[in-house]
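Single-structure report; data block below.
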There are 2 protein chains.
Amino acid sequence: MYNLLALKLQRFVSLSDGDIDALSNVCRQSIRTARARRDIIREGDTPHHVKLIVDGWAIRYKMLPDGRRQIVSFLLPGDLCDLNVFLLDEMDHSIGALTPVTYAELPHDLIETMCDHRRAIARALWLESLVVAAIQREWTVSLGQRTARERIAHLFCEMFERLETVDLTEEDRCEMPLTQIDLGEATGMTAVHVNRTLQELRREGLIVLNNRILTIPDRQALMAVGMFNPNYLHHRHPKCETAPSSAMG
Amino acid sequence: MYNLLALKLQRFVSLSDGDIDALSNVCRQSIRTARARRDIIREGDTPHHVKLIVDGWAIRYKMLPDGRRQIVSFLLPGDLCDLNVFLLDEMDHSIGALTPVTYAELPHDLIETMCDHRRAIARALWLESLVVAAIQREWTVSLGQRTARERIAHLFCEMFERLETVDLTEEDRCEMPLTQIDLGEATGMTAVHVNRTLQELRREGLIVLNNRILTIPDRQALMAVGMFNPNYLHHRHPKCETAPSSAMG
DNA sequence: CGGCTGCTTGAACTTGTTCAACAGCGGTGG
DNA sequence: CCACCGCTGTTGAACAAGTTCAAGCAGCCG
C-alpha cells in the first residue's frame, strides 16, 4: 500500500525516509473494511484505535434526538479519524461509510511512540488537526452566511481541492459519490432544494454532475460563486518547513 | 493573577503543584488589553504569540468578500487563541474584542519548553484543542439543523456551561454582553429575527435577559428546547483521570 | 442638546420547506 | 423472464421560516 498519509503530511513538514518508513509501518497494521452506508463508530462508543481512511468516502455526523441529521465533515482517503482516542472518553458524534471504505486501525501506543521519536510526524499530526478545525470553521461560515447556491459551490470547491492533494482528481473531474440527500445533510438544506440548486448550477455551466462524477469546467467561476478562498485549507508553505525542532507531543 | 488556565486544564488532567507554577509563570508574561469592539488580530496576519484571554469576551470571526460576517466562536476567560501560531503561517480568520479584553501573550518558546518538560500540560493543551473542534462541530449542527429558537436556546446553554467551568456564573445567571446583532452573526440570522426569537423565549419564561445579564430560570427546560446535550464539551472524567468511566445521556 | 447605538415593531417579500406524485434504475425473488 | 421493491432524482404547488426595508423609540455620552 502506497503511503497516502505520508503524502498528505508532507504538505506540512518535510519527512525523512525514516519518518516515511515509520508511517508506512503504522499504516500497515490491521486493515479493515466497511460496507457502504454502515456506521464505523457511533456516538457514545469508546474508540479504541485511530483510524486512517485508505479508500472510499466516510462522513462524520451528528443526530438530534428527533432524527434530524447533520453531516459535519467528509473523510477522504488519507484522513485520520478519532485522534480523540488519545484523550476523550467517548465519541460525541458518529462516523459512517458513504461508499465502501477501507481503513487502517492504528493502535495508540504505536502512534504515541512514533510521535515521541519522530517530532516531525508529531508536528504534522497536530497541524493536521488544526486544519481540520479550520475546515470546520469554514463550514460554520457556509451554513451561517452562504445561500444555497453558494454553499453547494463552496462545498464542491473544497472537496475538489482536498481530493487534489491526495491525487484523486483527473483534470477538472473528481468522484462525487454523494446523493442529493447527503448533500442536503451536509449543507443544511432539503434534498428537494439541493436538486433545484444543482439544476441551476448546471444550467449556468458551472458544474457537470452525473454518474457520481463531478466536472468543474471553470474552476475560477465556481470559486467566485461560492466565495471560496482556499487559505483555510493551509495546503502550502507552513512556517516550519525550514525549522526542524520543536513541537509538542 | 489567579490562574484561570490551570483551573480549566484541570478539568482534563490532574496537575501537580509544579505544573501549576509553570502555568502561572507563563501566564504572567506580557499582559495586554484591547478596547471593546477592536480587533486583536486580523485574517492574513502572522501571529507571534499564543494569547490567553484573562478577562472579557472575544470573538473569532470570518468575513465574506461582500461584507457578510460570521462569528465562528466565542472566546471566554481561560480560552487560548492562536495555538495555530506554532504551525500555520497566517491567520485564516480574525479575532476581535467584544467587551474590553485583558489577555496574556505567551511566547512560543516558553510554551514549547513547558510542554516538553510537563507532559500533563502538553496533553491538556491538546485535549483543549480537541474540545474546541468538538464545539465547532456542534455549531455546524446548530446552523444546519436547528431552528431559530433552538439555536438561541442552544447557544445560551453552551455559553452558560462554559462560563460555569471558569466560575463566571452565579446561580442561574451569567453575563451576556452580546448585542442582538452579535447573536445574529453567531447564529446565522438577522438581528430582527433574533429580537423576535428572544421575545418568544422570554414570553415563555425560558430566559430573562436585560442589562446584559442572562438568567435561566429552568435550565432543563431551556436545554430541552435547544436539544442541548453537553457531552461535546467534555467537561468531566477524561479517560486519563483514572476515570471510573461512565454513562451519559 | 444632538447623535449614536441598540432594541422594537409592522408589512411586504424571498428563500427554502413540505407534501405529494411520478419516473428511472438496479436488484431480488418467484 | 418478469413483477416488484426500494432508492434516487425530478417536478409542482402550497406553505412557513426567516429577511428586508422602514420607521420609531429609549438610553447613553460627549
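To find a chain, count down the sequence lines: A is the first, B the second, and so on, and within it residues start at 1. These figures come from a predicted structure and were not determined experimentally.
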Q. How sharply is the helix from C/dC1-D/dG30 to C/dG30-D/dC1 bent, taking the axes over five pairs at either end and rounding to 10 degrees?
A. 30°

Q.
For a quick test of reading the model, state the closest non-hydrogen atom pair linking B/Ala97 to B/Arg35 and the distance between them.
A. CB-O, 3.4 Å

(Q) Which heavy atom of B/Asp39 sits nearest to which heavy atom of B/Arg42, and what is that distance? (A) OD2-NE, 2.8 Å

Q. Less than 4.0 Å between a side-chain N and a carboxylate O, is that true for B/Arg37 and B/Asp182?
A. yes

(Q) If I take atom CZ in residue A/Arg68 and atom C1' in nucleotide C/dT18, what distance separates them, rounded to the nearest angstrom? (A) 14 Å

(Q) Tell me the interatomic distance from B/Ile152, atom CD1, to D/dG18, atom C1', rounded to whole angstroms. (A) 13 Å

Q.
Could you report the tightest heavy-atom contact between A/Ile53 and A/Cys81, atom names first, then the distance?
A. CD1-SG, 4.2 Å

Q | Parallel, tilted or perpendicular: rings of B/Phe74 and B/Trp57 (30°, 60°) | A | perpendicular

Q.
Does A/Arg149 reach a base, just sugar-phosphate, or nothing at all? Heavy atoms under 4.0 Å.
A. nothing

Q.
What I'd like to find out is whether the side chain of A/Leu143 reaches to under 4.5 Å of the side chain of A/Gln70, using heavy atoms alone.
A. yes

Q) Checking side-chain contact (heavy atoms from CB on, under 4.5 Å) for the pair A/Lys51/A/Glu105: CA distance, chi angles, key distance, verdict? A) CA-CA 5 Å; A/Lys51 296 177 187 61; A/Glu105 284 190 341; 4.2 Å; yes

Q) Can you find a side chain N or O atom of B/Gln199 that sits less than 4.0 Å from OP1 or OP2 on C/dT9? A) yes

Q: Check each residue of residues 179-197 of chain B for a non-hydrogen atom within less than 4.0 Å of any atom in DNA chain D, then write out the ones that pass by number, or none.
A: B/Gly188, B/Met189, B/Thr190, B/Val192, B/His193, B/Arg196

**Q.** Gap between atoms CG and P, on A/Leu143 and D/dA17 respectively (whole Å)
**A.** 20 Å

Q | Between C/dG27 (P) and A/Arg37 (CZ): distance, integer Å | A | 16 Å

(Q) Without decimals, in angstroms, what is the distance between A/Gln145 CD and D/dT19 C1'? (A) 13 Å

Q) So, do A/Phe156 and A/Leu206 sit near enough that their side-chain heavy atoms are less than 4.5 Å apart? A) no

**Q.** Cationic N near anionic O, under 4.0 Å, A/Glu164 to A/Arg219
**A.** yes

Q | Distance in angstrom units between B/Asn210 CG and C/dT8 C1', rounded | A | 15 Å

Q. Would you say a side-chain N or O of B/Arg212 is under 4.0 Å from OP1 or OP2 of C/dC7?
A. yes

Q | Distance in angstrom units between B/Arg146 CZ and D/dA17 P, rounded | A | 18 Å

Q: Looking at every strand, decide which applies to A/Arg202 at a 4.0 Å heavy-atom threshold: base, sugar-phosphate, or nothing.
A: sugar-phosphate

Q: To the nearest Å, give me how far apart CG (A/Leu209) and P (D/dG9) are.
A: 9 Å

